[in-house]
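These notes concern the structure reproduced below.
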Amino acid sequence: MDKSLITINQHFEDYPGPAPTWVDNLPSNIRPYIYLTRVDNPAGTLLLFYPCAWSVTMVCYTLRAPITMAWTYLGFFLVASQVFHAAGCVIDDIWDKDIDAATSRTRKRPLAAGDLSRLQAFMSLVPQLALGVWMFMQLNEFSTVFGLSSLVLVVLYPAMKRVINYPQAVLAVCFNWGALLGAASIAGAIDWRVYVPLYIGAGCWTVEYDTLCALTDRDDDIKNGIHSATIIFGDQVRSVLFMFAFVACSLVTYAGILNGHGFLFFVGVALGALHLVRLLATIDIEHMESLEASLLNNAWFGFWVWAGAMTDYVVMMQ
């Protein structure tokens with residue numbers, strides 16, 4: 001029997017508490033704000049960054065832009081990914097305070113635990129969004145407008161968990177904006193023929209990794225009336241996630257073909273695909289800590305795709 005057939009049943013008192021981090025060494029009045037942004041966990045930032053990195057590297061390859069330009073924009077989007085991921089976490093927790101308090105995995109988050117109020121969280125959000133907007137304004141005019149348009153999706157995503165059965169699809173739409181924005185920031189426009197497949201492929205990857213991690217909350221989601229793909233996929237979840245991973249790899253490969261990449265790009269995609277196959281085939285769907293760790297494990301797919309694109313670009317520029 002597939003392990004995904006087994007219902008995850010955990011009482012609050014049995015759920016493992018968060019491991020100590022460097023944040024615990026900070027003053028107690030600062031700690032809740034830092035934990036609110038999840039900066040102690042790099043997984044979300046990396047998952048947001050890698051589609052940007054793919055796009056930046058691919059457009060630099062096409063334009064034969066100086067490698068220094070690629071590194072400059074990669075650094076920019078790494079910082080922007082941290083800023084916007086932190087802001088997105090605050091927005092999500094403001095929306096989900098009561099739901100988080102009734103969910104085993106999230107009940108100790110600062111808002112759910114009562115360490116911060118919604119007003120305090122909102123006040124901490126304002127400078128984060130201001131910094132993010134300022135960063136977008138450093139880009140060309142088209143990219144500034146295009147980047148700012150994604151904020152609507154960031155604000156609305158948490159509400160989708162209450163409205164549609166596949167909120168992971170909405171997350172995929174907003175979380176991979178960088179697959180389009182990265183190219184636009186350098187070229188001043190988007191080659192839709194190349195970057196739409198890349199964007200959709202990245203979106204399929206997002207559905208895969210977010211659904212896998214969301215299995216930790218499946219029982220609580222049912223109890224709390226929250227919609228999730230994990231509930232819809234049921235006992236076929238592992239097979240469905242393999243399908244999303246296959247489509248993601250196929251579309252990223254197709255984008256590479258359309259962009260005229262060489263052999264090394266596809267080596268990177270192949271290594272990423274092998275990593276996803278191994279992850280999905282071996283992960284213990286019963287094990288809460290394994291499911292939570294799957295986000296960071298999934299980030300390696302993003303790394304291998306970017307490493308292949310970057311290596312291909314560097315070799316081409318020799």
Side-chain angles (χ1 to χ4, degrees), residues 1-25 31-32 34-48 50 85-86 88-89 92-93 96 99-113 115 161 167-168 171 175 205-224 226 228-231 233-242 244-245 272 274-304:
M1 179 182 294
D2 192 311
K3 291 178 181 177
S4 59
L5 289 169
I6 303 173
T7 303
I8 301 172
N9 289 309
Q10 286 279 354
H11 295 294
F12 280 6
E13 61 269 19
D14 295 331
Y15 192 86
T21 71
W22 58 267
V23 179
D24 294 317
N25 297 318
R31 257 179 261 153
I34 304 300
Y35 275 124
L36 187 65
T37 62
R38 322 270 212 278
V39 296
D40 57 303
N41 184 354
T45 297
L46 291 174
L47 292 168
L48 185 61
Y50 279 125
H85 179 256
C89 288
D92 192 70
D93 284 9
D96 289 349
I99 295 171
D100 284 346
T103 302
S104 303
R105 181 175 62 90
T106 59
R107 75 189 192 282
K108 293 185 178 180
R109 287 179 176 172
L111 276 170
D115 297 329
K161 289 180 278 188
Q168 283 82 5
L171 179 66
F175 218 69
W205 176 43
T206 297
V207 172
E208 178 270 322
Y209 65 66
D210 191 67
T211 304
L212 187 61
C213 183
L215 285 168
T216 58
D217 302 334
R218 182 164 56 185
D219 288 351
D220 287 328
D221 286 344
I222 294 172
K223 178 184 67 178
N224 296 326
I226 299 301
S228 174
T230 61
I231 300 170
F233 296 158
D235 59 0
Q236 300 299 317
V237 64
R238 194 190 299 266
S239 299
V240 174
L241 295 186
F242 265 115
F244 275 103
L274 288 173
H275 177 75
L276 286 185
V277 168
R278 180 178 178 275
L279 174 62
L280 290 173
T282 61
I283 192 167
D284 185 353
I285 294 180
E286 295 177 73
H287 194 253
M288 294 281 189
E289 292 177 345
S290 295
L291 291 171
E292 286 197 65
S294 68
L295 283 180
L296 191 56
N297 285 334
N298 253 289
W300 282 101
F301 170 75
F303 169 79
W304 286 119

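Note that the coordinates shown come from a computational prediction; the quantities given were computed from them, not determined experimentally.
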Practice prompt. Evaluate side-chain contact (heavy atoms from CB on, under 4.5 Å) for L36 paired with R109, printing each intermediate quantity in order.
Written response: CA-CA 7 Å; L36 187 65; R109 287 179 176 172; over 6 Å; no

Set of side-chain hydrogen bond (donor to acceptor under 3.5 Å, both in side chains) partners for [X], sequence neighbours left out:
{"X": "T45", "answer": "Q82"}
{"X": "D92", "answer": "K161"}
{"X": "R31", "answer": "none"}
{"X": "T206", "answer": "N176, Y209"}

Discussion item. Go through it in stages, so that I can follow the logic: the residues are F244 and W205, the test is ring pair (Phe, Tyr, Trp, His ring centres under 6.0 Å), and I'd like the CA-CA distance, side-chain angles, deciding distance and then a yes or no.
Written reply: CA-CA 7 Å; F244 275 103; W205 176 43; over 10 Å; no

Please check this pair: side chain of [X] against backbone of [Y], looking for a donor-acceptor N/O pair closer than 3.5 Å.
{"X": "T21", "Y": "V23", "answer": "yes"}
{"X": "H275", "Y": "N297", "answer": "yes"}
{"X": "D220", "Y": "S104", "answer": "yes"}

Please name all residues satisfying side-chain contact (heavy atoms from CB on, under 4.5 Å) with [X], sequence neighbours left out, ordered by chain then number.
{"X": "T211", "answer": "Q168, V207, A229, T230, F233, V237, L241"}
{"X": "I231", "answer": "R218, D221, I222, S228"}
{"X": "N41", "answer": "A43"}

Item to complete: Begin from the C-alpha positions of D217 and K223 and carry the test salt bridge (Lys or Arg N to Asp or Glu O under 4.0 Å) through to its verdict.
Response: CA-CA 10 Å; D217 302 334; K223 178 184 67 178; over 6 Å; no

Discussion item. For the CG atom of L212 and the OG atom of S294, what is their distance to the nearest 0.5 Å?
Written reply: 4.0 Å

Fill in: Reported SG-to-CD1 distance for the pair C213 and I283, which is rounded to 0.5 angstrom
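That separation rounds to 9.0 Å.
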
Worksheet item: Does the side chain of D100 pick up a donor-acceptor pair with the side chain of T106 at under 3.5 Å?
Response: yes

Worksheet item: Which atom names give the shortest non-hydrogen contact between P32 and P110, and what distance separates them?
Response: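 In terms of heavy atoms, the two residues are closest at O-CG, 3.2 Å.
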
Fill in: Heavy-atom closest pair, residues A101 and R107
O-CB, 3.9 Å

Practice prompt. Test side-chain contact (heavy atoms from CB on, under 4.5 Å) on H85 and L46 and set out the steps.
Written response: CA-CA 9 Å; H85 179 256; L46 291 174; over 6 Å; no

Worksheet item: So, do L280 and E208 sit near enough that their side-chain heavy atoms are less than 4.5 Å apart?
Response: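 When only atoms from C-beta onward are counted, E208 and L280 do touch, with a gap below 4.5 Å.
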
Worksheet item: Of I285, L291, T103, which is the lone residue that meets side-chain contact (heavy atoms from CB on, under 4.5 Å) with T216?
Response: L291

Worksheet item: Should W22 and V39 be marked as a side-chain contact (heavy atoms from CB on, under 4.5 Å) after you check the CA-CA gap, both sets of side-chain angles, and the distance that decides it?
Response: CA-CA 10 Å; W22 58 267; V39 296; 4.0 Å; yes

Worksheet item: Where do T282 and L279 land on the side-chain contact (heavy atoms from CB on, under 4.5 Å) test, with the steps shown first?
Response: CA-CA 6 Å; T282 61; L279 174 62; 5.5 Å; no

Worksheet item: Taking the inter-plane angle between the rings of F303 and W300 on a 0 to 90° scale, is it parallel (under 30°), tilted (30 to 60°) or perpendicular (over 60°)?
Response: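 Judged by the thresholds at 30° and 60°, the geometry between F303 and W300 is perpendicular.
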
